[in-house]
Every structure is written in structure tokens, then in C-alpha cells.
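What's counted below: heavy atoms across the whole structure, side chains too, no hydrogens, waters or symmetry copies. Indexing begins at 1, ligand by ligand and atom by atom, following the structure's order. As the structure is a prediction and not an experimental result, all values here were calculated from the model. For reference, positions follow the sequence shown, starting with 1.
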Amino acid sequence: MRLEGKTALVTGAGTGIGAAIARRLIADGARVCLVGRRQSALAHTLQELPDGKAITHDADVSDADAVAGAVRTAVEFGDGRLDIVVNNAGIGPVGTIEDCDLAEWDQALAVNLTGPMLVTRAAIPHLRRGGGAVVNISSVAGRRAFPSLAAYCVSKAGLIMLTQQAAVDFGADGIRFNAVCPGWIRTPMSEQDMQAVIEIHGGDVDSAFALVSRDTPLQRVADPSEIAAVVAFLASDDASFVSGEVMAADGGSTLLDVSTLAFYDRAAALT
Ligand code: NAP
């Protein structure tokens with residue numbers, strides 16, 4: 001129960017990785033304010049959590065007023081304290097810089113980059129009181145370019161620098177900032193992404209996940225709980241001297257340069 005007595009705010013907590021993070025922080029003792037746009041998704045996550053340990057607040061993270069309201073709800077729920085912020089909400093529009101829709105580009109930057117800045121900015125006065133922790137969910141796509149995913153990659157790369165910039169600016173306040181870069185995690189977002197793989201290679205979602213992870217060291221995609229465990233560590237006092245860190249949780253996928261695949265025995269990798 002290393003998060004006993006702490007209050008957390010988790011964005012994008014209605015589905016996927018965010019819901020798993022909320023479950024894990026609560027299992028470790030925290031109370032959690034679940035934030036997202038769809039009340040129905042938040043309510044679905046809430047109903048499986050222990051009574052009194054979570055509250056929901058529907059807000060768009062790209063809307064500064066809505067974000068201020070979410071932070072107020074979290075602080076009230078925490079009886080005046082907010083210790084942990086997890087900026088997890090994200091979207092992934094497809095396209096190169098030539099063919100992506102400008103509105104989608106703006107939206108990706110607003111949700112994936114400006115959103116975490118707004119949430120963090122509103123939370124800092126509260127985090128400062130107790131020496132808080134912020135964990136930003138970036139992506140392997142924040143460190144490696146990905147075909148036709150320009151807005152997503154650029155926004156996730158920006159989120160890494162936002163993490164490091166804030167770690168420098170607010171370290172003297174005792175606030176720690178870290179980023180997690182997940183590889184493929186099985187969630188509604190990634191299941192949607194697999195449709196493009198299915199269009200090219202055929203098969204179903206399971207075979208698409210097998211294909212995208214085939215040449216990675218651990219040769220599998222992950223469960224959202226495996227990201228939640230990393231977040232719980234970074235949010236806890238176990239990581240009390242960790243700040244500005246960018247932690248991959250990707251089964252080792254970003255270790256490899258694509259040219260090394262020619263040296264791979266793919267048949268062996270599949271067994
Ligand atoms: P997901 O199930 O689609 O979750 C995204 C969440 O963000 C949803 O609950 C969504 O809820 C919320 N959201 C989207 N726009 C929002 C906004 N404007 N304001 C507030 N909430 C918003 O996908 P996921 O896979 O769990 O992704 C979670 C995070 O992990 C994302 O940042 C994603 O980029 C990152 N990630 C995922 C993977 C993967 O393989 N799954 C890999 C690397 C990184 P509403 O629609 O109700 O708002």
C-alpha cells in the first residue's frame with residue numbers, strides 16, 4: 001500500500017491503459033479522480049473499483065476551464081490534497097505532414113501535448129504542497145518515427161520534452177516528472193490501429209498483434225496492467241530520486257535498428 005493517503009488524477013481513465021492505471025493506483029492505496037470526455041466510459045471504470053476510492057469528472061483535457069474543474073474535483077476528493085497526476089489521455093490521427101488534415105493535427109497537439117501542460121499547470125500549486133509526482137504517458141512513437149503518424153509522433157516527442165522541462169523548472173518544489181513510453185499495449189486504441197495491419201496482411205486482430213511484436217525481443221504485446229505497474233512505481237516514493245526519466249515499457253522493441261532484422265531468423269522468432 002505504498003500510495004496510502006495519496007490522491008491521484010488520471011486522464012483518459014475510462015478505457016485501456018488509463019483504466020488500468022486507476023485500478024493499480026487504488027490497489028496500491030491511493031484515491032483516484034478519473035477524468036475523460038465520456039461519462040459512460042468513466043462510469044464503467046468506476047463501477048469495478050472499490051466504493052469510496054474513486055470519483056469521476058468528465059472534462060476535455062484540451063479545454064483549460066474544464067481542466068481547472070477536474071483538478072478542483074480531485075483536490076476536494078482528496079480532502080485538500082493532490083499528490084499524483086497521470087497524463088494518459090491521447091489520440092492518434094493517421095497521416096503524413098502532407099496529407100493529414102490540419103484540424104486533426106491541431107487536435108492531436110491539443111490533446112497529447114497542450115492537454116498535459118494544462119492539467120499539470122493547474123495541479124502544480126497542489127503538488128507543490130506535498131512534493132508530488134507527475135507521470136506522462138508518451139509512446140515509443142515519441143522517440144521513433146512511425147510511417148504516416150506525424151501528428152502523433154511529434155506530439156508524443158513534445159510530451160517527453162515537456163516532462164523534462166517541468167522536471168527542471170519544478171524540481172526545487174520537490175515535484176518529480178517522468179515519462180513512460182509504452183510499446184504495443186492491447187487496448188481499444190491499438191485494436192483500432194491493427195485494422196491497418198489487417199488491411200495489408202489479412203488475418204484478425206490477434207494475428208496482427210502477433211505480427212507487430214514478432215521481431216521485438218519479448219515477442220509479444222502487453223497488457224495495460226504492465227504499464228500501470230510502471231506508473232505506480234514512478235508515482236510512488238520508491239522512485240523518490242527519479243525525475244526527468246523517460247522509461248520505455250516496450251518489450252525491448254526500441255533497442256533494435258530495422259537493419260538488424262535481416263539478421264533475424266523470423267521462423268525461430270515465431271516459435
Ligand atoms: P484508449 O483506450 O483510446 O484511451 C485513450 C483515452 O483518452 C480514452 O479513455 C479517451 O476517453 C481519453 N481521451 C481522448 N481524448 C481526450 C480528451 N480530449 N480529453 C480527455 N480525455 C480524452 O487508448 P490507450 O491505448 O489506453 O491509450 C492511453 C495512452 O497510452 C494514450 O496517450 C496513448 O497514446 C498511449 N499509448 C498507447 C499505446 C498502445 O499500444 N495502446 C502505446 C503507446 C502509447 P474519452 O474518449 O471518453 O475522452
Side-chain angles (χ1 to χ4, degrees), residues 9-24 33-46 56-67 69-71 85-94 103-104 106-119 122 135-144 146 149 151-160 162-163 179-197 205 208-209 212-213 216 220-228 230-231 246-251 253-254:
L9 183 157
V10 179
T11 69
T15 57
I17 295 171
I21 292 169
R23 283 193 290 274
R24 177 61 193 252
C33 178
L34 316 170
V35 177
R37 288 169 308 177
R38 285 168 297 151
Q39 184 53 239
S40 58
L42 297 173
H44 186 262
T45 302
L46 182 69
T56 65
H57 186 107
D58 54 314
D60 184 327
V61 296
S62 64
D63 176 333
D65 291 337
V67 162
V71 169
V85 169
V86 184
N87 286 305
N88 164 79
I91 54 173
V94 173
E104 286 191 337
D106 287 343
Q107 179 71 359
L109 289 171
V111 175
N112 297 353
L113 181 55
T114 306
M117 185 278 286
L118 292 172
V119 175
V135 184
N136 292 326
I137 307 301
S138 179
S139 170
V140 293
R143 304 209 286 192
R144 299 285 187 275
F146 197 102
L149 208 59
Y152 186 73
C153 292
V154 169
S155 61
K156 290 296 189 179
L159 184 55
I160 288 173
L162 177 73
T163 306
V180 179
C181 292
W184 286 111
I185 316 299
R186 194 157 184 159
T187 69
M189 179 191 273
S190 60
E191 288 187 1
Q192 184 61 37
D193 293 338
M194 288 308 112
Q195 297 311 315
V197 178
V205 171
F209 276 126
V212 296
S213 55
T216 69
R220 65 176 179 86
V221 300
D223 184 79
S225 62
E226 296 177 88
I227 301 305
V230 176
V231 172
V246 183
M247 193 170 285
D250 62 0
S253 64
T254 48

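There is a side-chain donor-acceptor pair under 3.5 Å between Ser225 and Asp223.
Arg143 has its side chain within reach of Cys181: a pair of non-hydrogen atoms, C-beta onward, lies under 4.5 Å apart. Using a 4.5 Å heavy-atom threshold, the side chains of Glu226 and Ile185 count as separate. Inter-residue side-chain proximity for Ile21 and Ile137 is flagged as met; some heavy-atom pair is nearer than 4.5 Å. Taking the side chain as every heavy atom from C-beta outward, Thr216 and Asp250 never approach each other to under 4.5 Å. Annotation: side chain of Asn112 is not in contact with side chain of Leu159 (no heavy-atom distance under 4.5 Å). In this structure, the side chains of Val246 and Ser138 stay at 4.5 Å or more apart for every pair of heavy atoms. Taking the side chain as every heavy atom from C-beta outward, Leu113 and Lys156 never approach each other to under 4.5 Å. Side-chain contact between Met194 and Val212 is present, with at least one heavy-atom pair separated by less than 4.5 Å.
Close approach of ligand 1 to Gly12 is summarised as follows: ligand atoms under 4.0 Å from at least one heavy atom of the residue are 6 (C), 7 (O), 9 (O), 12 (C). For ligand 1, the atoms lying closer than 4.0 Å to a non-hydrogen atom of Lys156 are 31 (C), 32 (O), 33 (C), 34 (O). Of all atoms in ligand 1, numbered sequentially from 1 with element shown, those under 4.0 Å from a heavy atom of Asp60 are 17 (C), 18 (N), 19 (N). Those atoms of ligand 1 that come under 4.0 Å of a heavy atom in Ile91, given as number and element, are 14 (C), 15 (N). For ligand 1, the atoms sitting less than 4.0 Å from at least one non-hydrogen atom of Ala59 are 19 (N), 20 (C), numbered in the order shown with element in parentheses. Heavy-atom contacts of Ser139 reach the following atoms of ligand 1: 43 (C), 44 (C) (cutoff under 4.0 Å). Below 4.0 Å from some heavy atom of Trp184 lie the following atoms of ligand 1, by number and element: 40 (O). Here is the list of ligand 1 atoms found below 4.0 Å of a heavy atom in Ser190: 40 (O), 41 (N).
Among Gly90, Ser155, Ser138, the residue whose heavy atom sits closest to atom 44 (C) of ligand 1 is Ser138. Nearest-heavy-atom check against atom 9 (O) of ligand 1 across Ile185, Thr11, Thr15 picks out Thr15. Summarising the contacts of atom 24 (P) of ligand 1 with Asn88, Val10, Thr187, the nearest heavy atom is found in Thr187.
Among the atoms of Ile17, some N or O lies under 3.5 angstrom from an N or O of ligand 1. Close N/O approach between Arg37 and ligand 1 is found [any backbone or side-chain N/O within under 3.5 Å]. Residue Val61 has at least one nitrogen or oxygen atom sitting less than 3.5 Å from a nitrogen or oxygen atom of ligand 1, judged on distance alone. Some N or O of Arg38 is nearer than 3.5 Å to an N or O of ligand 1, by distance alone.
At a heavy-atom cutoff of 4.0 Å, ligand 1 is contacted by no atom of Ile227, backbone or side chain.
Nearest to atom 3 (O) of ligand 1 among the protein's heavy atoms is Met189 CB, 3.5 Å. Ranking protein heavy atoms by distance to atom 43 (C) of ligand 1, first place goes to Pro182 O, 3.3 Å. Atom 36 (N) of ligand 1 has Tyr152 OH, 3.6 Å as its closest protein atom, hydrogens excluded (heavy atom only). Nearest non-hydrogen protein atom to atom 13 (N) of ligand 1 is Ala89 CB, 3.8 Å. Taking atom 42 (C) of ligand 1 as the reference point, the nearest protein heavy-atom neighbour is Gly183 O, 3.0 Å.
Distances shorter than 4.0 angstrom occur between a heavy atom of Pro188 and an atom of ligand 1. Residue contact annotation: Ala141 has no non-hydrogen atom under 4.0 Å from ligand 1.
Looking at every heavy atom in both residues, Val61 comes nearest to Val67 through O-CG2, 3.3 Å. Shortest non-hydrogen contact noted between Val180 and Ala249 is CG1-CB, 4.3 Å. The nearest pair of heavy atoms linking Gly14 to Leu42 is N-CD2, 3.7 Å. Among all heavy-atom pairs drawn from Pro224 and Ala20, the shortest one is CB-CB, 3.6 Å.
Asn88 places a side-chain N or O within 3.5 Å of a backbone atom of Thr11 that can act as its donor or acceptor partner.
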